[in-house]
Amino acid sequence: MDRFAEVDDQYDPHELEGRIFDYWDDVDAYEQTVEHRSDGETYFFVDGPPYTSGSAHMGTTWNKSLKDVYLRFLRMQGYDVTDRPGYDMHGLPIETRVEERLGFENKKDIEEFGEENFIQECKEYADEQLEGLQSDFQDFGVWMDWDDPYRTVSPEYMEAAWWGFSKAAERGLVEKGKRSISWCPRCETGLANNEVEYDDVEDPSIYVTFDLADRDGSVVIWTTTPWTIPANTFVAVDPEGEYVGVRAEKDGDEELLYIAEAKHEAVLKEGRYEDYEVVEELTGEEMTGWSYEHPLAEQVPDHVDGEGTLEVYAADYVDTHGDGTGLVHSAPGHGEEDFERGRELGFEPFCPVGEDGTYTEEGGTYAGQFVKDANEEIIADLESEGAMLASGATDHSYGHCWRCDTGIIQVVTDQWFITITDVKDELLDNIEDSEWHPDWARDNRFRDFVEDAPDWNVSRQRYWGIPLPVWTPEDRDDDQDRIVVGDREELAERVDQDIDPETVDLHKDTVDGLTITEGGTTYTRVPDVFDVWLDSSVASWGTLDFPADDSRFDELWPADLILEAHDQTRGWFWSQLGMGTAALGESPYEQVLMHGHALMPDGRAMSKSRDILIDPHEAIDRHGRDVMRLFLLSNNPQGDDMRFSWDGMQTMENHLRTLWNVFRFPLPYMRLDEFDPERTTLEEVDADLQPLDEWVLARLQSTKAEMTAELEEFRQDRALEALLEFVVEDVSRFYIQAVRERMWDEEDSASKRAAYATIYHVLRESVVLLAPYAPFASEEIYGVLTGESGHDTVHMEDWPEVEEYWEDDRLEVDVEHLRAIEEAGANARQQAGRKLRWPVPRVVVAADDDRVVEAVERHSDLLAERLNAREIELVSAEDRWEELAYSAEADMSKLGPAFGGRAGEVMNALNEARIDEPTLEALEAAVADVLEDDESAEQRSAEDASGDEPRAQLEESMVSFVTETPEEIAGTPFGFDGDDHGVVYVDASLTEDIESEGYAREVIRRVQEMRKELELDVEQRIVLDLEIGDDRVANLVAEREDLVREEVRADEIRDLEDGHRKEWDVEDVTMTIAVEPLAAVEASD
RNA sequence: GGGCCAAUAGCUCAAUUAGGUUGAGCGCCACUCUGAUAAGGUGGAGGCUCUCGGUUCAAAUCCGAGUUGGCCCA
């Protein structure tokens, strides 16, 4: 790209972005950038693998944009960054999608189709989905190693999972056992807690009486799952809870019921008892040991009936003030807490329910029925047994399978676990080794989660996953004798079959047939696959292809940074910590940046399934990639959710357009003057720099310092704000406005060269600062600024460092004051009705403090120029501007009571008084005659008070002072950050000389506009024809003819026959102006 | 049902890590400017800082209770 080449007038994101994509391709921009940092210090970033379903949504877009901005920043800081993207490709979500595609309903369909075929279908589907994500991410301008993503279905990656699991096994943290788990009866597999989603549903709500065996009466329990009653094993009470025995009456029958004291009224009301009487008060403790009869003993002949069962026991999960009755029906074959307590009590869990959710033969008369369908019959049976106290329905939230939305059931099955509860202390310690942004996420939410985490059930009874690398003896199904294989090499060595470790695929269809024979025993593989969360949990070494490739693990592991949304607290942040700790005893990551979710503009959560979403592709279509990124990156990433906003997008586009104009503006001048930034450097022009040049350079240093500090704190939003503030406010709206006249100077001058060098330096560094945020526009601008002299891509640049030489806090504060004064001056001018084009004879700055005085003294020339004032007068804080007078405004609510009937007169006197200083003494002196004249009031006052009360006096509270500026002068207070620092007064009186310049400038402005209408080049000479309808004004303009000619580049002023002619009305004076390019005039002459 | 986070102008967010007159950007309205022009400038309207209670001379800020939203857990 040529330096200072022509750039588009209009910022057109789509055309530009397309061009930059091609350019990156041509010069291998990404590859060069990576190579450029290959000798740098390593930085190990690990990409949290998105699940390969569908395309990128706004949340993943935000996530990847955040990753991209930090990876680019780190690279610019010199790091050799690991940027391998990853994809999570196994698991139930894909299985269910493929099942849908193939029209399957359950596992039997899969078995008939063939495991091998099904796995192949899943693989193809996952690959398809991956392509969509890959192209989306690249399209967003994210730079990661797209040619070589890690895929959880590759043999290297699956091996990484085996390795981690085998390490955990070596540490004694793997066991097989019975547990109560959430089970999806459709998918016929266990689910992890985080795979269960809760929805509100209506379920039965029944109160059941269990008749006591050795004594009169019955205990009352409540449940919403009647289908678990067949498996009832014991009833739990709170040993410290208060219970009552109630003699209750209904339809002439009397019953003795045992219920928690706190619940008995509510329960009896449910049961519609007519009358009742508390006959016994007792603690739960006293009830333990009571035995009762199973209410469905007849229907379920195989029901639990062992030693100690069907009795009342204490348990800590009972709440005598919560839902229910304070006595809890407990079935260790189902509920998790029931199971734990049952195990303590030594009860074998009884679970008469099969994998498909139907009762087994053990279920007695219910055998073959789906459990939830059996609810009705069970309720009917309980009623006919006389065990139903009340039966109704309730709305409550109930767990559902995250994939197929089937209601889950709690059952006890054999599963494989990583017993992370054995290393809970280590986990909690390891939390301390990671630094989180924001820190509360770690210390509150994450710590709570880890503290409560149960053992990790890693086995799933499914197909599309990493097979468990566990082989057990053919004839045993416990975990006492087992082989855990750690990698492919070991697999090849130990299995009976002949396999090639280089080429073997590790999926279920391949490894299921492999057997191991050792010590005369033949081992077969456990048929389960891993919970898909285990896949991504090993990403910190899977990313490195470890253990297959052990060349980088020691140097890089653990990860320096991971960056995901807050839902990953229970997901990937946790699973990685669990796996890292179980396998290696360490946290696998050192820093966590946790961002929020992308919400709809109205604050709702986005939901693809309900079609509530903003599609990133639409955002790009409307505003382009850079704008979308700027919008996303302008949001706080630390835990807060982001509301998407089209208005916000538009604002960012406006900012980027301003930025574009800033970069574009100086190019024609630099081109024209053949400015060479290599020769005309800042160092070279140092002596010629003017205060504003030094100021903008100082501001640049502050901006760099602020941005760097914010980015290092993971606040890219604040860093961006600082940059936009600098470019839009300081460079565009102030500096460029102020220096443009220097650039229009036709002569080569030291001042012009200084301005060029300054603005070049500022723009060149600013574009580098912008590059991580808006990589496309930055690239284009960088190319134009650097031509052949820069890197091939802006993204190879070093992150700009603060140059102490140019730092200048004093100057920054000075200019801050000057800008405040200028702003107030503009206001005062408007009040006085004097445009900026018209000079004013003087501006008076009345300062409140010495800091303002210093600033104005140092830069009064600049201030005069900015305010177009012939003179600046400074009044220090100690002095008063003598031309100023004060009057007083009366507060009648105070004045009235004090002066009575004379108050009106006093008020008028106050308002008319003009005093030189705003003091009560001066005011009293000014209105003395009115006050002293007040004989009658004095007398009346004295008489009324019948004492020696003094006559009415003016007090501070009665008046407020108002400044009265002289005619032709307007004043406005100035200040910043909410503090006033003084007042600026603009003297707008007219002189002939001022009118002369004012009218001349009016003419110039109109000629410029006409030049523009003719689309003349900046340097095009013209001939000007000027007819002014008022002789006085014509003479005034004539006095400034030289100025007019120079400004509009007119070689002559004379009558023209043709030319571009227009009539103007200037302050009620008619002016006819004609313009013709010089060449055209000569040709026609 | 429990935990965490948020709630301030029409919108997006600030309010200087332990209280001291609520601010900015965008949007809106009016005026203005015009060789960056789909810009720029000046002014204006717009707030019971979610509600209720408490601590304090003083609360957007601290404490308690609730409401709404988001995430997590059961």
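Reminder, nothing fancy here: chain letters follow the sequence lines and each chain counts from 1.
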When you get a sec, tell me which of B/C13, B/A36, B/G70 is the closest nucleotide to the side chain of A/N635?
-> B/C13

Counting just side-chain N and O atoms, does A/R733 come under 4.0 Å of either OP1 or OP2 of B/G40?
-> yes

Residues that A/Y773 engages under ring pair (Phe, Tyr, Trp, His ring centres under 6.0 Å), provided they are two or more places apart | none

Kindly say whether the aromatic ring centers of A/F631 and A/F644 come within a distance under 6.0 Å.
-> yes

Specify the separation, in whole Å, of atom CH2 of A/W533 and atom P of B/C72.
-> 10 Å

Spacing of A/F734 atom CZ relative to B/G40 atom P, expressed in whole Å | 17 Å

With P as the reference atom in both, quote the distance from B/C71 to B/C13 in angstrom, rounded to an integer.
-> 16 Å

So what's the dot-bracket for RNA chain B: Watson-Crick or G-U pairs under 3.5 Å, [ ] if a pair crosses, | if it pairs off-strand?
-> (((((((..((((......[..)))).(((((.......))))).....(((((..]....)))))))))))).

Quick one: A/E823 CD to B/A24 P, roughly how many Å, whole number?
-> 10 Å

Looking at B/G70, B/G25, B/A36, which one has an atom nearest to any side-chain atom of A/L599?
-> B/G70

Picking from B/G40, B/G41, B/C71, the nucleotide nearest the side-chain atoms of A/A605 would be B/C71

Position toward the 5' end of RNA chain B (nearest nucleotide), A/N654 or A/Q1008 = A/N654

Check ion pair A/E1002-A/R1006 (N to O, under 4.0 angstrom) = yes

Can B/A18 be described as syn, meaning its chi torsion is within 90° of 0, or is it anti?
-> syn

Do A/F675 and A/Y760 have ring centroids that are under 6.0 Å from one another?
-> yes

Whole-Å gap separating P (B/U32) and CH2 (A/W838) = 16 Å

When you look at CD of A/E451, are more than 12 heavy atoms from neighbouring residues, nucleotides or ligands closer to it than 6.0 Å?
-> yes

Are A/K424 and A/D455 ion-paired here, with the side-chain N under 4.0 Å from a carboxylate O?
-> no

Using a 4.0 Å heavy-atom cut-off across all strands, classify A/T569 as base, sugar-phosphate, or nothing.
-> nothing

Heavy-atom nearest nucleotide on RNA chain B taken for A/L1016 and for A/N827; more 5' hit belongs to A/L1016

Side chain of A/H597 only, please: which of B/C71, B/A36, B/A38 is the nearest?
-> B/C71

Classify the nucleic acid contact of A/W440 as base, sugar-phosphate or nothing, counting any heavy atom under 4.0 Å across all strands shown.
-> sugar-phosphate

Under 3.5 Å, is there a donor-acceptor pair linking the side chains of A/T60 and A/W62?
-> no

A/H595-A/H566 aromatic ring centre distance below 6.0 Å | no

Would you mind reading off the distance between A/L763 atom CG and B/A36 atom P, rounded to a whole angstrom?
-> 15 Å

Length of the CZ-C1' vector between A/F631 and B/C11, whole Å = 11 Å

When all nucleic acid strands are considered with a 4.0 Å heavy-atom cut-off, which category describes A/E721: base, sugar-phosphate, or nothing?
-> nothing

Any N/O donor-acceptor pair, A/S732 side-chain to B/A36 base, under 3.5 Å | yes

Should A/K835 be listed as having a side-chain N or O under 4.0 Å from OP1 or OP2 of B/C33?
-> yes

Hey, is the main chain of A/A988 close enough, under 3.5 Å, to the side chain of A/R834 for a donor-acceptor pair?
-> yes

Tell me whether the OP1 or OP2 atom of B/U12 has a side-chain N or O from A/R643 closer than 4.0 Å.
-> yes

How long is the line joining CG of A/D717 and C1' of B/A14, in whole Å?
-> 12 Å

Remember a base hit wins even if backbone is also touched, and classify A/I736 as base, sugar-phosphate or nothing at under 4.0 Å, heavy atoms.
-> base

Round to the nearest Å and state the distance from A/D452 atom CG to B/G1 atom P.
-> 19 Å

Out of B/C71, B/A38, B/G41, minimum distance to the side chain of A/R657 belongs to B/A38

